[in-house]
Novice: 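My structure is below; once you've seen it, I'll send some questions.
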Amino acid sequence: MTLDKNATPASGQPTEPATGQPTGPATDESAATNGEPAAGGQPGTAAEKEVLGLGALLGRGFGGLPVLVLLVLGLSLATDTFLTGTNLDNLGRQVSIYAIIAIGQLLVILTAGIDLSVGSVVGLSGVIAAKAVFDTAGSGPVLLAVVLALLVGAAVGLLNGVLVAILKMPPFIVTLGTLGMARGLTLLYTDGRTIQPLPRSFTQIAGGEFLGVANLIWLTVLIALLVGFGLRRTIWGRYIYAVGSNPESARLTGVPVNAVLLSVYALSGMLAALGGILLASRLGNGVPTAGTGYELQAIAACVIGGASLFGARGSALGALVGALIVGLLNNGGTLLGIDPFWLQVAIGALILVAVGVDQLQGRRLVRRGA
Amino acid sequence: MSSDDPVVRLRGVTKAYGPVTALEDVDLDLLPGEVHCLAGENGAGKSTLIKVLTGAVARDRGEYQVAGRALGSRPSPVETRDAGIGVVYQELSLLPDLSVLDNLTMGRFPRRLFGIVDRGAQRRAAQDHLDRVGLGDLDLTQPVRALPTATRQLVEIARVLGTEAKLVIFDEPTTALSEREAAALLDRVGALRDAGHTVLYVTHRLEEMFEVGDRVTVLRDGRVVATRPVAEYDHDSLIQAMVGRPVQNLYPGVRHEIGPPRLEVRGLRIAGFAAPVDLTVGRGEIVGLAGLLGAGRSEIVRAVFGADPVQGGQVKVDGVRVPAGSPRAAARHGVALVTEDRKESGLLLQLSIEANVSIASLGQVSSGSVLRGSRERRHVEQAVGGLRLKYGSFGDPVTSLSGGNQQKVLLARWLATGAKVLLLDEPTKGVDVGAKADIYQAIAEMARNGLAVLVVSSYLPELLGLCDRIVVVREREIVGELPAAEATEEKILRLTSPPTSAADLSAPMPAQAPLESR
């Protein structure tokens with residue numbers, strides 16, 4: 001996302017990049033504080049800044065970036081093992097799969113929806129890819145297996161999208177249904193058994209490196225950049241925020257609301273499928289229960305990264321940072337020898353703090369508007 | 001007017017939101033048995049003043065007395081209610097799914113032992129409240145949702161009276177009412193005064209203040225400019241007091257040539273309409289749609305835009321047929337709709353001013369589908385130019401704007417698309433006087449540039465001042481048409497009202513009248 005800012009054609013307007021990104025008051029104001037203060041004399045400007053003070057403190061609106069920096073600093077100082085190549089590589093690999101799924105989830109959340117089926121799609125696509133390479137014993141093209149699994153993920157997403165957009169069913173219920181269906185189909189397909197061993201050509205997808213950095217990490221960064229660009233700099237992205245803000249207003253403005261919804265659910269399914277393929281590749285086997293509970297991890301990452309479940313607020317960078325924060329807490333906890341049960345408590349509390357800050361901010365903005 | 005002690009007395013009341021002072025040193029005396037009007041532009045502090053009176057917000061400084069008894073510095077809404085302050089809200093505060101009965105006694109259920117509701121007592125109390133507003137024969141078991149807006153309003157008034165209110169505050173009560181229903185409501189307000197209640201009446205419609213008000217307090221920028229008998233003002237001097245500068249004629253005045261038909265609606269079959277709808281609007285022409293609330297005006301503009309499905313007929317723009325039932329197709333063919341409810345079906349509240357303006361014309365500011373930031377900025381600046389939009393920066397959230405400026409954003413959104421036909425549903429609802437004039441100017445300017453404009457409004461002076469021609473809708477049918485030169489409020493009212501009561505419009509409306517239009 002920061003790359004985008006630099007890439008914006010210079011126009012002599014320091015606030016330009018921020019206005020291209022409709023993520024609400026906090027981001028816009030942050031840009032104003034960096035450059036010159038927002039146009040003076042306007043009532044409310046100062047009040048917003050005051051609101052921002054609280055938000056900035058906890059990293060809202062920056063997608064949790066300050067929290068992330070603090071965590072990294074803290075862990076670097078507190079342990080000798082954190083800032084080592086092996087640990088960072090390990091951390092990157094762990095976080096990548098979560099982050100990819102979270103970015104898909106974010107697209108849905110931006111439209112004020114939710115996709116509970118992603119965890120099951122991880123399992124389903126993982127075993128489909130695993131089975132395809134297992135049956136051909138690695139002689140068949142791995143690419144075909146990957147494409148097949150991605151298509152299955154997209155198909156589940158598309159089904160979600162059709163039910164939500166065209167039949168107007170609530171996203172929570174729709175994806176709760178497909179969560180059960182996809183998991184059941186996975187177990188039926190595998191008879192509940194793990195598929196292994198998988199050929200090296202397949203495990204290399206996640207295991208391989210490029211320029212000394214794991215493929216997984218490259219892929220995650222690439223996806224975050226692509227989705228970030230799509231959200232901030234394309235018509236499609238703007239339409240997603242519009243639909244999330246108010247679908248009826250969007251429809252009456254000529255936004256193709258159904259097409260937007262179909263696209264985000266399909267993409268969420270496809271990115272979950274990618275996560276599933278990478279997980280199977282990383283583990284070296286296709287586990288039918290893989291991905292259980294990942295939907296909640298993904299939602300947590302989005303929310304910690306500044307997304308609002310009411311839609312129209314959040315960014316791809318935020319989802320990535322959110323996933324990193326959760327990953328760092330887990331990783332750091334292990335390094336520091338903290339009881340993993342307490343870590344769960346901490347991550348849960350972090351979600352409440354993140355959403356609580358949002359609420360406070362929202363309430364103050366409303367009061368100001370009165 | 002009585003010289004008794006005031007029912008409500010405010011002295012030096014000040015309220016600030018952060019650095020923004022909403023009220024400064026406000027003194028107000030509300031006397032027994034008077035209708036006291038509160039006048040001021042949006043943002044002048046009217047809403048805050050009401051909130052201070054009801055305890056919705058705490059004042060920072062100043063005294064607040066009800067019937068000579070001082071209230072604490074942070075009275076709660078329950079305390080102010082018990083002290084005798086009742087409010088009829090702009091957005092009705094009834095619970096739509098509960099019955100009339102439950103709504104009337106909500107929060108004050110007559111109880112027996114163990115908290116069991118005494119249905120008999122509840123029913124008697126509710127009936128008593130309804131009788132007072134002339135709704136004696138309303139079915140108590142109906143859910144409020146099933147009632148027409150005007151009737152709901154009366155139920156709300158009945159509810160407020162049921163709290164034994166010493167002061168009844170009306171906050172923009174006629175916004176959602178038709179001309180006729182509003183007249184009935186004003187009679188009701190007069191009756192309350194005659195029964196000895198004190199009324200604080202807040203409205204944007206100046207005519208109503210002259211009709212029903214005894215005294216008026218004018219607020220400007222949070223300060224009281226004057227408190228005087230209404231009779232000492234006339235229309236222009238009151239506006240001048242509110243705005244702080246003389247305002248020329250609100251309406252744009254001189255009209256010009258009307259060109260060939262631009263919007264042609266032929267045999268449009270709309271759900272619930274007995275007959276197909278035919279309408280033509282010429283280039284540069286402004287046509288008004290008049291009618292009672294629920295007569296089908298909004299349905300017509302929504303059907304033309306394709307917002308709701310239609311069962312047949314066609315819409316043409318410059319002779320080109322617009323595919324039915326798709327707002328996207330309508331927008332592409334140059335049709336634009338600004339709906340009645342900005343927040344529900346117009347604005348994208350989480351997005352910036354800029355994103356709200358450009359959303360309908362993103363294709364014009366992108367290469368392929370990639371947005372060009374600086375091109376978008378220029379495009380938005382151009383669309384907003386001439387609308388006198390008051391804003392901080394384009395990146396600010398659209399919610400930072402006042403109602404009138406939000407409406408301008410919606411106009412700019414469609415101006416930016418290069419629309420040919422503009423459909424406006426209540427374009428000045430909840431908009432203050434200064435912004436109203438700007439919006440009228442903008443509409444006239446668009447017409448001058450060749451747009452065909454169709455305006456729905458419940459505010460007759462607006463239609464008369466703005467339109468070249470007025471089409472009247474009654475009970476889901478177009479029943480007549482009047483050229484601007486011949487139209488008068490009375491002629492329009494005669495057409496909008498059902499034939500049975502059209503015979504005697506000058507007589508006071510019975511309070512039950514709104515029920516007939518159900």
Novice: Run the salt bridge (charged side-chain N to carboxylate O under 4.0 Å, His left out) test against B:D25 and tell me which residues pass, sequence neighbours left out.
Specialist: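 Not a single residue meets the salt bridge (charged side-chain N to carboxylate O under 4.0 Å, His left out) criterion with B:D25.
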Novice: State whether the number of non-hydrogen atoms from other residues, nucleotides or ligands found under 6.0 Å of B:Q382 atom CD is greater than 12.
Specialist: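 No, not enclosed.
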Novice: Report, by ascending residue number, the residues of residues 339-346 of chain B in heavy-atom contact with chain A at a distance under 4.5 Å; give 'none' if the set is empty.
Specialist: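 Only B:T339, B:K343, B:E344, B:S345, B:G346 of residues 339-346 of chain B have a heavy atom under 4.5 Å from chain A.
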Novice: What's the separation between atom OG1 in A:T253 and atom CG in B:L337, rounded to the nearest 0.5 Å?
Specialist: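 Rounded to the nearest 0.5 Å, the OG1-CG separation comes to 9.0 Å.
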Novice: For the interface with chain A, which of B:P327, B:G368, B:A360 has the highest count of heavy-atom pairs at distances below 4.5 Å?
Specialist: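 If we count pairs closer than 4.5 Å to chain A, B:P327 comes out on top.
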Novice: Does one side chain, of A:W236 or B:S369, offer a donor that lies under 3.5 Å from an acceptor on the other?
Specialist: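 Short answer, no.
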Novice: Distance alone, cut at 3.5 Å: any donor-acceptor contact between the side chains of B:D60 and B:T14?
Specialist: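 There is no such pair (donor and acceptor under 3.5 Å, judged by atom type) between the side chains of B:D60 and B:T14.
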Novice: What part of B:S358 lies closer than 4.5 angstrom to a heavy atom of chain A: side chain, backbone, both or neither?
Specialist: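 Side chain only.
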Novice: B:H333: which residues meet the side-chain contact (heavy atoms from CB on, under 4.5 Å) condition with it, sequence neighbours left out?
Specialist: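 Scan of B:H333 (side-chain contact (heavy atoms from CB on, under 4.5 Å), adjacent residues dropped) gives B:V320, B:V322, B:P323.
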Novice: Given heavy-atom pairs under 4.5 angstrom as the criterion, report whether the side chain, backbone, both or neither of A:V257 touches chain B.
Specialist: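 A:V257 has no heavy atom closer than 4.5 Å to chain B.
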Novice: Need one label for B:R332: side chain, backbone, both or neither, based on atoms under 4.5 Å from any heavy atom in chain A.
Specialist: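 No part of it gets close to chain A.
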Novice: Less than 4.5 Å to any heavy atom of chain A: does that hold for the side chain of B:L347, its backbone, both, or neither?
Specialist: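 It is the backbone, since no side chain atom gets that close.
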Novice: Is the number of heavy atoms from other residues, nucleotides or ligands under 6.0 Å of B:R328 CZ greater than 12?
Specialist: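 Atom CZ in B:R328 is crowded, with more than 12 foreign heavy atoms closer than 6.0 Å.
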Novice: Sequence neighbours excluded, which residues qualify as side-chain contact (heavy atoms from CB on, under 4.5 Å) partners of A:A259?
Specialist: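 For A:A259, the residues satisfying side-chain contact (heavy atoms from CB on, under 4.5 Å) (neighbours in sequence not counted) are A:P256.
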